[in-house]
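First up is the structure itself, then whatever we jot down about it.
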Amino acid sequence: MTGAPSRPGSAAEVAEAVRGAELVLPRGGGTKPALWSAEGAEVLDVSALSGITEYLPSEYTVTALAGTPLAEVEARLAAEGQYLPFDPLLVAAGSTVGGAVAAGANGPGRLRYGGLRDFLLAVTFIDGRGEIVRGGAKVVKNAAGFDLPKLMVGSLGRLGVLTECTFKVFPHPESCATLRVPGMAVDEAIEAAGRVGAGAVEIECLDLVHGLAGWDLEIRIGGRSFALDARLKRAADLLDTDVTTLSGDADASLWRTRREFGWASPDASVLKLPLTPATAGALEQVLADLDASHVGRVYSAGVQQAFVAWPAERVADLPALDLALTEAKLTALALRAPADAAPRPILGYRTGGELLRRVEQALDPAGRFGRLSSPSAALPSRP
Amino acid sequence: MATADAADFLDALTRCLGVDRVLTGAAPMAAYESDALTAFRARPRAVVLVDSAEEVVDVVRLCAAADVPFLARGSGTSLSGGSLPVHDGVVIAMNRLNRILEVDPVRRTAVVEPGVVNLAVSDAAVPYGLYYSPDPSSQSVCTIGGNLAFNSGGAHCLKYGMTSNHVLGLEVVLPDGEVIEIGGDSLEGVGPDLVGLFVGSEGLFGIATKITLRLLPKPETYFTLLAAYDSLAAAGEAVAAVVASGLLPGAMEIMDNLAIEAAEAAVGAGYPLDAEGLLIVELEGEKQQVAAESELLLDVVRKSNPYLEHIASDPDDRMRIWKGRKSAFSAVGRLSPDYIVQDGVVPRSRLGEALTKIQDLGEEHGIRVANVFHAGDGNLHPLILFDGRVEGELERAEELAGEILRLCIDLGGSITGEHGVGMEKRQYLGEMFGEADLDAMRRIRLAIDPGELANRGKMFPDAEAPALLSHAPHPLEAAGVISRE
């Protein structure tokens, strides 16, 4: 890192900062150090670009500057009975709108209606040439022009510095409750998750949590209060075993803690891996082969993603994990990790490198944000 | 291309595919000269009928080597002229690539080839209690490849999103013939969302040859409500009230009197003929939840004072209601020798304002406009009725269409919700986006396809291609290269 981070107050100032930089990465709330740190890179602090610029509850849209804390957005939406259905992570920790989009990571609630890619409608960003670029539209349906908002989801600050984002929002379920089945074997839990998921009951969240006594299956159901009990019973019948029901504060705090990674040791590196019920076994095998079957992990959103807490004392084994994931055709993002923990922000198997290389060439010809497409780069580096 | 080179190129295509699958000459290619934007035709150099992804790669590589533009075509249902051939280019007909390779009930995915018809995906998923959500009105004929290129929508986009929200992974032939994989089987990804970028790129980034789609569990039950109003504005206000109530219906559709009349004449859906505005609202999901929501919905809708309400009594009744809505385009077409369908989007709260202005604009131009729209997501479908045989009517209709698009931009919306820019709306893309925005898009296009071979001439305002809205005959038109029907 060279010098103190610059802290621009407007999109134009961000553009100026980018034009003046050799290698630069944006930082919002600073909750994901591995994603905004790289050797030799300046840090561009965008937290001054903060505030909700437009909120129209009746349109189901909200627009905020990229440095706006997600907590602020959620509070404003909650006052109107609405929420961000992709269920952002690390909200209490200070994560921002732009950081969430750039990381492209979603919480357990993404199961019900979709992730960031499904709820991001419009973006403004500064590309690698220092130009202010807009994409998408602030309406819930739009097919005009290339879908630049989706391109920015998961772009890790390497294709542009986000300055403003517009999201689709939804009405929050009137009430929610959670069913819990403790201590299952992993195969049994995945099978049960599939059975409930394939049933008629619509589910908000479905997570499998690894613990000392096996896997806990947790299923959150939400909707009209009047119908909730009948629906919980229907889902519980599908499980065909003893279940505990959590409601009210117990339900709310369970899922709040989950997305803050309160279940992971504070110094662990939390990795996110896209998954399917069919590939969870491959991840279990990778962990077993590395003698890491004990590490904390959650198979989240109907086993569509894993969060793995890689222990601080095993940081030296991350390159081995990288290799094993590549062989197993699994990919991981060093989501919440210390700056120096991960060999590179993305571990494991990669696809689409050639297309990404061409997009990088278009948006950042000088390589000011580094090159994510370079498969061998240990760290983002100048081309 | 010199004559000898052109002959060599055709020979190479023929060697690759056999003489039966390389169509040249006016008669065999006639069906490929136009799409659902019928105002224009263009004659390609050849139409090739490919049987496999490997043949797509071969053809694209031959085109790249000879610098010949190409485009993929499915059923040719594009309403924006997206599958209009590039003059003297190659049309790659994808319809034979129509295998559903896999339906996986555990992952809830289907892997399909691009020539598969939209509805066939849902049909294949039926045994597993699953379905494919995007439902453009042409879903019984349009293909997944075309849906992907233009990010097609349908009636359920507010709750479930458009095509891009249902595509997880792709195998793509880039415009130089390089084959890549992007995305995967999971709903989640890591790194920039390249699948998201590819979907809706209007064929400008190459051709998808294998597509992994997300399937959803089929809703257990539906509650479909029809409400008739004596003004279009009242129907619009009912939509606002439903949204404000915290309900999230799967679909909310509105039709005006002209559209009701046409749909009724065509399919006898049982719509009230005297309604000025007809609202269809549908809740779907599990029984207990829908039962609880339907009480709230009825309460909200009744407060909006419809003069008539009807709840679908059984699945047949529901299908009849939807059949009227889905046939509205073609039905309105019967009222008039020609029509233009527009596809702009406005913020939902400004629907009433937009509809009033569209009516005023129609009267100003002396042109009838029927309105059918996805009220839940603000996607308008004004059908502009005209008679192309009457001198000046086409021009007046096009002028009106342009004013409606500008109105959508002014109200903070979009020029297209689901049909894409294609040929038709190219000149308006630059009014919706600024120069720097278009420049970024242009740079991406050129970095991926430096020769601009893939679907050349579409989407970008300054692209070299015949302009639909040129009022004087285009030089290519005068030369007999392209023609209006």
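Both backbone and side-chain heavy atoms feed into the values below; hydrogens, waters and symmetry mates do not. A, B, ... follow the sequence lines: proteins, then strands. Residue 1 opens every chain.
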Name the option with the most non-hydrogen atom pairs under 4.5 Å to chain B; the candidates are [options].
options: A/Tyr113, A/Tyr60, A/Phe119; result: A/Tyr60
options: A/Ser155, A/Pro171, A/Gly352, A/Pro274; result: A/Pro274
options: A/Gly136, A/Pro173, A/Gly194, A/Gly348; result: A/Gly136
options: A/Thr276, A/Asp147, A/Val133; result: A/Thr276
options: A/Leu335, A/Leu156, A/Leu275; result: A/Leu275
options: A/Arg110, A/His172, A/Lys329, A/Glu80; result: A/Arg110

Winner by heavy-atom pair count (cut-off under 4.5 Å) against chain A, out of [options]:
options: B/Ser186, B/Gly196, B/Gly184, B/Gly285; result: B/Ser186
options: B/Lys159, B/Glu202, B/Glu293; result: B/Lys159
options: B/Asp439, B/Ile444, B/Thr109; result: B/Ile444
options: B/Leu170, B/Asp104, B/Asp176; result: B/Asp176
options: B/Gly246, B/Pro217, B/Gly191, B/Gly129; result: B/Gly191
options: B/Asn165, B/Ile182, B/Leu197; result: B/Asn165

(message) Looking at A/Ala200, is its backbone amide N or carbonyl O close enough to the side chain of B/Lys287 to form a donor-acceptor pair, meaning the two atoms are under 3.5 Å apart?
(response) no

**Prompt:** Taking A/Gln304 for the side chain and B/Leu187 for the main chain, is one N or O donor matched with an acceptor at less than 3.5 Å?
**Reply:** yes

Roughly how far, to the nearest 0.5 Å, is the [atom2] atom of [Y] from the [atom1] atom of [X]?
X: B/Glu181; Y: A/Thr351; atom1: CD; atom2: OG1; result: 6.5 Å
X: B/Asp437; Y: A/Ile132; atom1: CG; atom2: CD1; result: 10.0 Å
X: B/Glu286; Y: A/Glu202; atom1: CD; atom2: CD; result: 5.0 Å
X: B/Arg214; Y: A/Asp118; atom1: CZ; atom2: CG; result: 6.0 Å
X: A/Arg357; Y: B/Ile180; atom1: CZ; atom2: CD1; result: 11.5 Å
X: B/Glu178; Y: A/Glu354; atom1: CD; atom2: CD; result: 4.5 Å

Would you mind checking which part of [X] comes under 4.5 Å of any heavy atom in chain A, side chain (CB onward), backbone (N, CA, C, O), both or neither?
X: B/Leu158; result: both
X: B/Met432; result: both
X: B/Ala244; result: neither
X: B/Tyr128; result: neither
X: B/Ser152; result: neither
X: B/Arg445; result: both

Q) Would B/Arg443 and A/Arg358 satisfy side-chain contact (heavy atoms from CB on, under 4.5 Å), going step by step from the backbone distance to the final call? A) CA-CA 10 Å; B/Arg443 283 169 161 272; A/Arg358 297 184 196 189; over 6 Å; no

Side-chain heavy-atom pair A/Leu372, B/Pro192 within 4.5 angstrom cut-off | yes

Any Lys/Arg nitrogen of A/Arg224 or B/Glu295 sitting under 4.0 Å from an Asp/Glu carboxylate oxygen of the other?
-> no

#### Entry: Ionic contact status for B/Asp193 with A/Lys150, cut-off 4.0 Å
no

When B/Thr416, B/Asn379, B/Asn151 are each screened for side chain to side chain contact (heavy atoms under 4.5 Å, CB included) with A/Lys141, the one that passes is B/Asn379

Could you report the tightest heavy-atom contact between [X] and [Y], atom names first, then the distance?
X: A/Ala278; Y: B/Arg107; result: CB-NH2, 3.6 Å
X: A/Ala143; Y: B/Ser414; result: N-OG, 4.4 Å
X: A/Asn106; Y: B/Glu188; result: ND2-OE2, 2.7 Å

Exercise for review: Under the side-chain contact (heavy atoms from CB on, under 4.5 Å) rule, what do B/Ile448 and A/Leu355 come out as? Steps first, then yes or no, please.
Suggested key: CA-CA 7 Å; B/Ile448 293 171; A/Leu355 182 57; 3.5 Å; yes

Sequence neighbours excluded, the answer for side-chain hydrogen bond (donor to acceptor under 3.5 Å, both in side chains) partners of A/Thr326 is none

Across all chains, not counting sequence neighbours, the salt bridge (Lys or Arg N to Asp or Glu O under 4.0 Å) partners of B/Glu102 are none

Passes side-chain contact (heavy atoms from CB on, under 4.5 Å), B/Leu204 versus A/Phe146? Steps please. CA-CA 10 Å; B/Leu204 272 63; A/Phe146 297 145; 4.0 Å; yes

For residues 225-233 of chain A against chain B, heavy atoms under 4.5 Å, the residues are A/Phe226, A/Ala227, A/Ala230, A/Arg231

Among residues 343-350 of chain B, those lying within the under-4.5 Å heavy-atom range of chain A are B/Val345, B/Val346, B/Pro347, B/Arg348, B/Ser349, B/Arg350

Contacting moiety of [X], where chain B heavy atoms sit under 4.5 Å:
X: A/Tyr349; value: side chain
X: A/Glu131; value: side chain
X: A/Ala102; value: neither

